[in-house]
Amino acid sequence: MGDVKLVVKESIKEYNRYRSPEAVARLVTRKGDTYYVKFDGSYCETCGLYDWIDDLRYIMLEKGLDVEIEKLKEPEGPEGSVRVAAFRVRPLRASQRP
């Protein structure tokens, strides 16, 4: 399947190609098998904010990664638009692939 970090980066690039400028994702850091991704933009918070974040998870799943969102850091105060999501990522075993 290739290097997991490379697949995560490719997934973010694909995400930004279709979601930018309303939502822009950027890899912030990695700790073990958890990747922290910053989301910023003018996405509509009342129209499914979590869907914007979950979309990246679906892209990674399509690319063969087993992904779950472990945490989501929300901004403090009404003016913040930045979210940081912690994605726990592992390669899918051959028996798990669609």
Side-chain angles (χ1 to χ4, degrees):
M1 180 211 54
D3 181 59
V4 173
K5 186 175 181 180
L6 179 62
V7 175
V8 169
K9 286 183 172 187
E10 289 173 356
S11 298
I12 291 170
K13 184 176 180 179
E14 181 176 331
Y15 177 91
N16 288 334
R17 181 178 21 210
Y18 296 107
R19 306 300 187 286
S20 177
E22 288 83 13
V24 177
R26 184 175 62 85
L27 181 61
V28 178
T29 192
R30 173 184 158 223
K31 293 180 183 175
D33 63 354
T34 302
Y35 292 78
Y36 294 84
V37 179
K38 176 181 165 183
F39 293 85
D40 196 7
S42 61
Y43 40 70
C44 178
E45 294 189 29
T46 60
C47 300
L49 166 67
Y50 300 105
D51 292 341
W52 287 96
I53 294 166
D54 215 25
D55 285 349
L56 178 57
R57 181 178 155 276
Y58 287 120
I59 292 170
M60 287 190 247
L61 285 168
E62 289 174 358
K63 293 184 179 294
L65 298 178
D66 177 16
V67 182
E68 56 184 288
I69 300 170
E70 287 192 328
K71 292 187 252 178
L72 178 63
K73 182 178 181 195
E74 308 240 24
E76 294 182 19
E79 299 167 13
S81 65
V82 174
R83 305 298 195 273
V84 177
F87 292 88
R88 194 175 75 202
V89 181
R90 297 178 305 257
L92 285 173
R93 294 186 305 272
S95 62
Q96 292 176 300
R97 293 194 180 158

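Computed from heavy atoms alone, side chains included, the values below leave out hydrogens, waters and symmetry copies. A quick note: this is a predicted structure, and the numbers were derived from the prediction, not measured.
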List the atom of Ile69, the atom of Ile53, and the distance in Å for their closest heavy-atom pair. CD1-CG2, 3.9 Å
Heavy atoms of Asn16 and Ala23 approach each other most closely as OD1-O, 4.1 Å
Between NZ on residue Lys63 and CG on residue Leu6, distance to nearest 0.5 Å: 9.5 Å
Between Leu27 and Val37, is any pair of side-chain heavy atoms under 4.5 Å apart? yes
The reported gap from CD1 in Ile12 to NZ in Lys38 (rounded to nearest 0.5 angstrom) is 12.5 Å
Do the ring planes of Tyr15 and Phe39 sit parallel (below 30°), tilted (30 to 60°) or perpendicular (above 60°)? perpendicular
Phe87 and Leu65: side chain to side chain contact (heavy atoms under 4.5 Å, CB included), yes or no, with the steps? CA-CA 11 Å; Phe87 292 88; Leu65 298 178; over 6 Å; no
If you define the side chain from C-beta out and look only at heavy atoms, does anything of Tyr35 sit under 4.5 Å from Val4? yes
To the closest 0.5 Å, what do you measure between CD (Glu14) and CZ (Arg19)? 8.0 Å
Specify the closest pair of heavy atoms between Glu68 and Arg90, including all atoms of both residues, with the distance to one decimal. OE2-NH2, 4.2 Å
Rounded to the nearest 0.5 Å, how far apart are NZ of Lys13 and CD1 of Ile59? 13.0 Å
Is any side-chain heavy atom of Val7 less than 4.5 Å from a side-chain heavy atom of Met60? no
Closest approach of Val24 to Ser20 (non-hydrogen atoms, all atoms of both residues): CG2-OG, 3.7 Å
Just how far is it from atom OH of Tyr36 to atom CZ of Arg30, taken to the nearest 0.5 Å? 12.0 Å
What's the separation between atom CG in Asp66 and atom CZ in Arg57, rounded to the nearest 0.5 Å? 9.0 Å
